[in-house]
Amino acid sequence: MTVPGGLRNADAQGLSPGTPTRARKEAAIPKPKPEATGQTPEVSALLARAAAGDQDAWRGIVALYARRVFALARSRRLSEEAAEEVAQSVFVTLASQLGSGAYTERGRFESWLFRVAINRVRDELRRAARHATSADPSTLNERPGEIAPPPTADDRELASLRAAMASLGEADREIVDLRHHGGLSFKQIADLLGEPMGTVLARHHRALRKLKEFIEGSRKGADA
Amino acid sequence: MNQDPRTTPDDLQSVERSLDRLGALDGSAAPEGLESRIADASAPMLRAAPGAATPTILARIGPSRLRIAAAVMLVVGGAIVTSLALRPGRGPAPTPGSPTHQEPLASNTPASDESALLDAALSAVAEAIGDSTTLSSLSAEIDAFTVDPDSSLESIDLSSLEDTF
């Protein structure tokens with residue numbers, strides 16, 4: 001026997017047949033699953049505690065996301081120092097918003113956090129472009145003054161991939177960075193960019209194909 | 001690193017895995033103590049975020065009440081300045097019958113009337129912002145200023161104010 005979803009939800013929540021209609025309707029509204037937004041209840045609890053001034057909760061949030069924000073900044077060839085500055089600026093903004101009550105938790109924290117991060121990265125890239133110091137040799141494992149060990153096949157593959165990423169357009173590049181350096185789900189990326197998820201998926205596939213073609217073209221050029 | 005299972009074409013899966021590896025590598029290459037430095041730098045903002053106190057105070061008093069109180073204060077201030085400026089015996093007396101001649105208004109206003117006017121104005125302010133404690137201290141300050149007008153204000157040169165009026 002097929003049971004309507006709303007009634008099934010109401011039963012699951014222990015609503016009796018005498019429960020008012022409005023309560024039944026609210027019970028029938030599907031709540032976002034953590035895997036859909038990429039945010040767990042633990043993160044929501046940490047945010048609530050941090051907003052109340054809990055320093056341990058705040059450190060927990062920083063520990064969860066600082067490296068991902070740092071990685072996002074590094075993916076754009078920012079130096080270690082610049083990437084750390086970007087990450088610090090993002091968390092200062094977050095702390096300010098949480099402390100003042102300006103941030104309202106709606107289960108989309110990661111999208112919001114990485115929107116702030118991607119804007120900071122853009123600002124930093126513009127600033128670096130003005131000063132023409134954006135190139136960071138360390139991202140290619142070429143630290144000046146150090147004798148680098150001979151590159152392995154893995155190093156060469158990653159260096160080739162970085163070069164291929166530099167060939168992507170800005171829109172495709174951001175999706176790739178948010179997905180693979182920021183660790184966001186496609187749903188979160190769609191939220192962040194204000195695009196339909198189908199568009200984001202299509203652009204991601206297109207970017208992967210461009211990367212593959214670029215790498216294969218480089219290999220052929222090297223072999224020739 | 002990715003959590004949502006999306007179908008990627010087979011020929012692109014190796015590129016996707018390489019990108020995941022690159023992302024993990026860049027994240028793990030973060031300098032030692034990154035999290036501590038960021039937490040230390042940002043935690044003070046959590047405790048004392050800018051703009052947190054001001055809206056609370058404004059919300060308690062209310063912008064309309066503030067406007068009313070400011071307007072009443074302006075009226076009270078204007079009344080005090082006017083009454084002081086029009087006191088008799090300041091500056092050259094105009095000739096009776098001349099266009100600038102005025103009856104000495106202040107001389108017709110007893111000190112008790114001025115005080116009553118002031119009290120009424122202060123009561124209006126108190127009613128407007130609902131904080132009689134602050135206003136009682138303000139009233140005391142004004143009383144201290146106006147307690148002996150004939151002696152304490154003698155030294156004030158009001159000729160410029162008389163020119164204005």
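If you're wondering where the values come from, they're calculated on a predicted model, not measured in any experiment. Letters go in sequence order (proteins before strands), and every chain restarts at 1.
Taking A:Leu72, A:Leu161, A:Ile61 one by one and counting their heavy-atom pairs under 4.5 Å with chain B, the maximum is reached by A:Leu161. The candidate from A:Ala73, A:Ala87, A:Ala50, A:Ala164 with the greatest count of non-hydrogen atom pairs under 4.5 Å with chain B is A:Ala50.
One finds the CG atom of A:Leu208 at 5.5 Å from the CD atom of B:Glu16 (value rounded to the nearest 0.5 Å). For the atom pair CD1 of A:Ile215 and OG of B:Ser18, the computed distance is 6.5 Å after rounding to the nearest 0.5 Å. The NE2 atom of A:His180 lies 10.0 Å from the CG atom of B:Leu22; values are rounded to the nearest 0.5 Å.
Smallest separation of non-hydrogen atoms from B:Leu46 and A:Asp54: CD2-O, 4.5 Å. Between A:Ala95 and B:Ser42 the shortest heavy-atom distance is CB-O, 3.3 Å. Nearest approach of A:Arg67 to B:Ser28, heavy atoms of both residues: NH1-O, 3.8 Å. Of all heavy-atom pairs between B:Gly23 and A:Ala71, the closest is O-CB, 4.0 Å.
B:Asp20 and A:Arg179 are not joined by a salt bridge, as no carboxylate oxygen comes within less than 4.0 angstrom of a charged side-chain nitrogen.
Heavy atoms closer than 4.5 Å to chain B are found in the side chain of A:Phe70, but not in its backbone. Neither the backbone nor the side chain of B:Ser14 comes within contact range of chain A; no heavy atom of the residue lies under 4.5 Å from a heavy atom of that chain. Only the side chain of A:Gln55 comes within less than 4.5 Å of a heavy atom in chain B; its backbone stays farther off. If you measure heavy-atom distances from A:Val176 to chain B, the contacts under 4.5 Å come from the side chain alone.
In this structure, the side chains of B:Pro31 and A:Glu81 stay at 4.5 Å or more apart for every pair of heavy atoms. Annotation: side chain of A:Gln97 is not in contact with side chain of B:Met45 (no heavy-atom distance under 4.5 Å). The side-chain heavy atoms of B:Leu19 and A:Met165, taken from C-beta on, include a pair separated by under 4.5 Å. Inter-residue side-chain proximity for A:Val69 and B:Ile38 is flagged as unmet; no heavy-atom pair is nearer than 4.5 Å.
Under the 3.5 Å distance criterion, the side-chain polar atoms of A:Arg74 are left unmatched by any main-chain donor or acceptor of B:Asp26.
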### Query
Would A:Arg59 and B:Glu35 count as a side-chain contact (heavy atoms from CB on, under 4.5 Å) if you check the C-alpha gap in whole Å, the side-chain angles of each, and the deciding distance to 0.1 Å?
CA-CA 8 Å; A:Arg59 287 186 179 276; B:Glu35 289 90 346; over 6 Å; no
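Within a 6.0 Å radius of CD in A:Glu170, more than 12 heavy atoms belonging to other residues, nucleotides or ligands are found.
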